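Comments concern the structure below.
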Amino acid sequence: QVQLVESGGGLVQAGGSLRLSCVASGRTFRSSAMGWFRQAPGKERDFVAAITGSGARTVLADSVKGRFTISRDNPKNTVYLQMNSLKPEDTAVYYCAARDRLGLGLTKVEYDYWGQGTQVTVSS
C-alpha cells in the first residue's frame with residue numbers, strides 16, 4: 001500500500017507560480033513511477049506529468065510544456081510539480097498518483113494509488 005498526501009495548492013493570479021508537493025509513504029518510493037493529473041469541474045481527470053522511479057525520464061502534457069516541471073527527491077519520498085506562467089485554464093484539483101512500476105504512465109488506469117487532491121485556482 002502507498003499513501004500519498006499533496007500540498008501546495010492555492011489561489012494565484014494569472015502569470016504566477018505554485019509548487020505542488022506529494023509525500024509518499026508505505027512503500028519503497030524509488031520503486032514507484034509517479035504522476036500528476038488534474039480535474040476541472042465537470043471534466044475528466046487529465047494527465048499532466050509523469051516521472052520514472054529514478055527520476056531520469058519525465059513527460060509532460062502538451063498543454064503544460066514549457067511552463068510546468070515534474071521532479072522528485074527519493075530520499076525525501078517526495079514528488080514535485082513546479083507550475084509557472086499559470087493560466088486560468090490551469091484551474092483544477094491536482095492529484096498525485098503512484099504506480100507499482102518504474103516506467104512512465106500516461107493514463108489514469110496505469111496508476112495504482114491516488115492522493116486526495118489539492119485545489120489550484122488561477123484568477124484572471
Side-chain angles (χ1 to χ4, degrees):
Q1 281 289 346
V2 174
Q3 293 78 45
L4 303 172
V5 179
E6 302 102 331
S7 62
L11 173 64
V12 64
Q13 288 188 333
S17 299
L18 284 174
R19 187 176 80 157
L20 305 183
S21 300
C22 173
V23 179
S25 61
R27 190 174 185 270
T28 303
F29 182 65
R30 64 174 60 250
S31 299
S32 298
M34 303 293 293
W36 287 97
F37 289 74
R38 66 187 182 185
Q39 187 167 16
K43 295 189 176 181
E44 295 288 321
R45 189 172 298 188
D46 292 331
F47 170 78
V48 176
I51 188 167
T52 54
S54 68
R57 291 183 61 208
T58 63
V59 63
L60 295 167
D62 288 343
S63 58
V64 304
K65 281 181 181 176
R67 300 188 298 122
F68 290 12
T69 303
I70 185 171
S71 62
R72 65 191 294 161
D73 186 337
N74 283 349
K76 293 184 178 180
N77 285 5
T78 303
V79 63
Y80 303 99
L81 185 68
Q82 178 67 45
M83 305 186 295
N84 299 327
S85 301
L86 282 160
K87 304 174 181 180
E89 51 263 45
D90 294 318
T91 295
V93 177
Y94 283 70
Y95 295 90
C96 172
R99 63 193 303 250
D100 286 332
R101 293 180 181 270
L102 295 172
L104 294 169
L106 306 185
T107 63
K108 296 189 297 280
V109 297
E110 295 177 88
Y111 287 84
D112 304 290
Y113 310 100
W114 293 85
Q116 81 289 349
T118 185
Q119 176 70 47
V120 171
T121 303
V122 184
S123 63
S124 57

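Just so you know, residue 1 is the first one in the sequence shown, and it goes up from there. Please read these numbers as outputs of a predicted model, since none were measured by experiment.
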ILVMFWY cluster membership beyond Leu11 - transitive side-chain contacts under 4.5 angstrom: none
From NZ (Lys65) to CG (Leu60), nearest 0.5 Å: 7.0 Å
Side chain proximity check, Val64 to Arg38, heavy atoms < 4.5 angstrom: yes
Flag side-chain contact, heavy atom, 4.5 Å: Trp114 against Cys96: no
Gln82 CD to Arg67 CZ distance, which is reported to the nearest 0.5 Å: 12.0 Å
Residues in side-chain contact (heavy atoms from CB on, under 4.5 Å) contact with Asp46, at least two apart in sequence or another chain: Glu44
Nearest non-hydrogen partners of Arg45 and Gln39, listed with the distance: NE-OE1, 3.3 Å
Pairs satisfying salt bridge (Lys or Arg N to Asp or Glu O under 4.0 Å), at least one member in residues 110-124, at least two apart: Arg99-Glu110
Cluster link Tyr111 to Leu104, ILVMFWY, side chain under 4.5 Å: yes
Shortest non-hydrogen contact between Ala49 and Leu81, atoms and distance: CB-CD1, 4.1 Å
Listed partners of Lys87 passing salt bridge (Lys or Arg N to Asp or Glu O under 4.0 Å), at least two apart: none
Over all atoms of both residues, closest heavy-atom pair of Leu4 and Met34: CD2-CE, 3.9 Å
Partners passing ring-ring contact (aromatic ring centres under 6.0 Å, His included) against Phe47 (at least two apart in sequence or in another chain): Phe37
Contact list for residues 75-85, test salt bridge (Lys or Arg N to Asp or Glu O under 4.0 Å), sequence neighbours left out: none
Heavy-atom neighbours of Arg101 CZ exceed 12 at 6.0 Å: no
Partners meeting salt bridge (Lys or Arg N to Asp or Glu O under 4.0 Å) with Arg72 (sequence neighbours left out): none
Pairs satisfying side-chain hydrogen bond (donor to acceptor under 3.5 Å, both in side chains), at least one member in residues 11-21, at least two apart: Ser17-Asn84
Partner set under side chain to side chain donor-acceptor pair (under 3.5 Å) for Arg30, not counting sequence neighbours: none
Residues that Ser54 engages under side-chain contact (heavy atoms from CB on, under 4.5 Å), provided they are two or more places apart: Thr52, Ala56
Shortest non-hydrogen contact between Asp90 and Val122, atoms and distance: CB-CG2, 4.3 Å
Qualifying ring pair (Phe, Tyr, Trp, His ring centres under 6.0 Å) pairs with a residue from residues 52-95, counting only residues at least two apart or across chains: none
By salt bridge (Lys or Arg N to Asp or Glu O under 4.0 Å) - contacts of Glu6 (at least two apart): none
